[in-house]
Amino acid sequence: MKILVIEDDSEAAKYLIQALDEAGHVSHHASDGETGYAMATGMDYDVLIVDRMLPRRDGLSIIESLRAEGDHTPVLILSALGEVDDRVTGLRSGGDDYLTKPYAFSELLARVEVMARRSSPSEAETSYTVGDLSLDRLARKVVRAEEEIILQPREFRLLEYLMKHSGQVVTRTMLLENVWDYHFDPQTNVIDVHMSRLRAKVDRGQSVQLLQTIRGAGYMIRD
Amino acid sequence: MIKLRQIWRTTTVRLTALFILIFVVFSVVLLAYMAFQSSYAIQQQQTRDIDREVSQLQQTDANQGIRALAFAVQRLASRPGPGIYYLGTDVGQMVAGNVANFPPGVLSAAGVYTFEYDRERVFGEAPPQQRGQDVEDGQALVRTVVLDSGFRLVVGRDIVERRGFTAIIFGGLVFAVIGIVVLSVLAGGLTAMRVLRRIDSISATSQKIMSGNLSERVPMTRRNDEFDALAASLNEMLDRIEQLMKGLKEVTDNVAHDLKTPLTRLRNRAEAALRDDAGDEARQQALETTIAESDQLIRTFNALLMIARAEAGTPSGAFADTDIGAIVRDVAELYQPAAEEAGAELITEVEDTLTLRANRELLGQVVVNLLENALKYAIRSESKKGEPEPIVNISACSSGDIITVMVADNGPGIPESDRERAMERFVRLEKSRTEPGSGLGLALVAAVARLHKGTFTLEDNQPGVRAILSLPRRT
């Protein structure tokens with residue numbers, strides 16, 4: 001993926017670019033708003049990572065201009081401002097996701113990759129399939145190896161989200177935000193227990209373990 | 001010291017001046033009216049007297065003749081008093097009476113006349129030099145009657161009484177006005193001074209507070225007047241400010257201590273890992289721990305920020321209609337599997353439509369904190385044999401305008417003396433010191449409760465702890 005990072009803190013930018021490189025992406029860097037905007041409009045990027053506070057032009061205004069011009073490149077907003085109002089303002093300006101500093105790189109990477117795929121169509125797919133597991137969104141039915149798996153509503157939503165992003169890392173925070181619609185920070189491993197229950201229903205007795213734990217990052221479903 | 005000019009400029013003085021003015025005007029009008037009425041009454045009385053005498057004398061004249069009339073007139077005229085009598089011709093030749101000269105016209109025709117006269121000239125009294133004192137001009141009210149015989153009969157009164165009366169009234173009026181003005185000025189001045197003193201004491205207290213002494217309070221008397229009310233609410237505000245300042249100091253103190261401790265730990269571990277004899281394994285471990293500790297630090301810091309903002313009254317986000325029942329249900333459902341894994345039973349009881357104006361994120365965090373705490377306490381109790389199975393009850397219900405969220409556990413409980421402290425920042429009660437957590441959970445709940453104008457209390461669940469969060473539907 002081609003990624004543009006607009007970040008004025010050179011230390012943070014260097015770290016980010018290097019990590020993205022190691023993850024197999026091509027990243028460019030702009031250290032102020034004006035340059036960033038010029039680069040974003042000049043070239044096609046798969047994802048933009050934009051810091052909110054930038055010299056010469058702030059991040060949100062860049063996003064607003066891009067959207068006004070019809071540019072729908074997915075944007076991840078980075079900011080030290082983490083209050084709900086700040087998140088809402090950021091997303092309303094046209095950002096697709098919002099990450100508070102300091103962040104774990106695995107979190108950022110997972111979100112970036114999820115965002116990139118989202119830009120391609122098929123938002124309204126009626127079913128997902130991974131290996132011999134299929135999930136019918138309309139009928140709310142899950143079948144694996146010809147056998148139906150009965151899931152609680154929440155478990156269904158959990159699996160649905162994972163399968164929507166099959167092959168991609170999904171972090172615990174992302175799950176909390178998208179499956180439970182909350183932004184708090186749980187002290188305990190609540191999500192893990194839900195995942196292990198889901199895994200028990202989906203993977204038990206199967207030769208292939210579809211639901212995987214990615215150490216230090218989150219979870220993934222893939223065949 | 002209160003300067004005269006200060007007093008002069010006060011509202012009290014202005015009001016007093018206005019009051020004096022109104023009162024004086026009113027008094028003058030009243031007294032003038034009374035004077036006029038009385039004067040008029042006296043005049044009426046005199047007129048009646050005159051008429052009565054006239055008809056009596058006319059009767060005498062008709063019944064007994066002119067000589068009897070003359071005697072009667074002379075008798076009346078010799079009496080001391082304000083009476084004026086004359087019986088004589090139309091040109092001034094007196095037969096009986098006590099008048100020497102009339103102004104022209106009085107004797108010509110019948111009628112009622114008032115005129116001023118020179119007492120000495122009219123009454124033939126000794127000249128003023130001999131009498132050696134005041135000579136007033138008299139004022140007479142007379143009635144002239146033309147008798148059948150052609151003689152003139154004049155009966156009248158010197159209205160000296162009336163004049164005397166008017167003088168009294170006037171004197172009284174002047175005295176009263178002067179008295180009122182003087183007393184009012186005094187009273188107004190004293191009142192203004194008193195008011196100024198109260199206000200000055202408030203100003204002085206403010207100055208003292210601004211120069212650093214936050215524990216000063218505006219002095220109050222026991223009079224319970226409007227100044228005391230003002231002082232009371234100012235003191236309340238000062239209490240709140242002092243509390244906020246204390247809170248701020250606490251936060252900075254806590255930040256200094258409770259954030260520096262893990263930071264020091266981090267540093268030490270990193271330093272240890274850098275030692276030459278540390279192996280790769282150890283280094284890997286150290287780095288991983290560093291990340292974990294940093295994460296915990298960040299969480300602590302964010303929690304502190306949230307609490308500080310909630311306490312200062314500026315929530316992290318707007319207030320909107322929020323269904324707290326749904327929040328409780330969601331959080332309970334989120335924690336259900338974790339509770340089961342740990343062997344605890346989680347019982348949820350939520351009423352429908354528990355909406356209130358609130359901040360959803362803060363409420364979510366609060367319910368999570370309460371539930372995590374309760375699970376922690378309850379599960380700890382499971383280690384002993386024969387102990388009851390850990391149970392946590394979480395419920396949300398409403399009663400009138402108050403919505404109550406209750407989270408109860410059957411763990412070891414918190415001793416009463418510690419319950420208040422448990423809600424403070426960074427307080428980890430003895431038993432939980434060794435477990436993960438920042439000690440900020442309940443502090444946030446308390447701050448959020450205050451922010452939503454509600455209350456948060458910890459009670460004895462016998463056994464265990466019952467945390468009760470009460471929020472009004474409308475703020």
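- At most 12 non-hydrogen atoms from other residues, nucleotides or ligands lie less than 6.0 angstrom from CE of A:Met53.
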- Are A:Arg197 and B:Glu340 close enough, and set up right, to give a side chain to side chain contact (heavy atoms under 4.5 Å, CB included), and what steps lead you there? CA-CA 11 Å; A:Arg197 294 223 168 155; B:Glu340 266 181 48; 3.0 Å; yes
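- For the atom pair CG of B:Leu363 and OH of A:Tyr182, the computed distance is 9.0 Å after rounding to the nearest 0.5 Å.
- Listed for the A:His194 side chain is a donor-acceptor partner under 3.5 Å among the backbone atoms of B:Leu334.
- Environment of CZ in A:Arg222: sparse, with no more than 12 heavy atoms of neighbouring residues, nucleotides or ligands closer than 6.0 Å.
- With respect to the salt-bridge test (charged N to carboxylate O, under 4.0 angstrom), the residues B:Glu361 and A:Arg87 do not qualify.
- Counting non-hydrogen atoms of neighbouring residues, nucleotides and ligands closer than 6.0 angstrom, the CD atom of A:Glu11 reaches no more than 12 such neighbours.
- Residue contact with chain A, scored on non-hydrogen atoms closer than 4.5 Å, involves the side chain of B:Glu288 exclusively.
- When heavy atoms are compared at a cutoff of 4.5 Å, B:Leu375 does not approach chain A at all.
- The number of heavy atoms from other shown groups lying within 6.0 Å of CZ (B:Arg265) is above 12.
- Note that CG of B:Asp330 is 8.5 Å distant from CG of A:Asp181, once rounded to the nearest 0.5 Å.
- Crowding of A:Lys101 atom NZ: a count of heavy atoms from other residues, nucleotides or ligands under 6.0 Å exceeding 12.
- At most 12 non-hydrogen atoms from other residues, nucleotides or ligands lie less than 6.0 angstrom from CZ of A:Arg92.
- Checked options A:Leu198, A:Val193, A:Ile191; the residue passing with B:Pro337 is A:Val193 (criterion: side-chain contact (heavy atoms from CB on, under 4.5 Å)).
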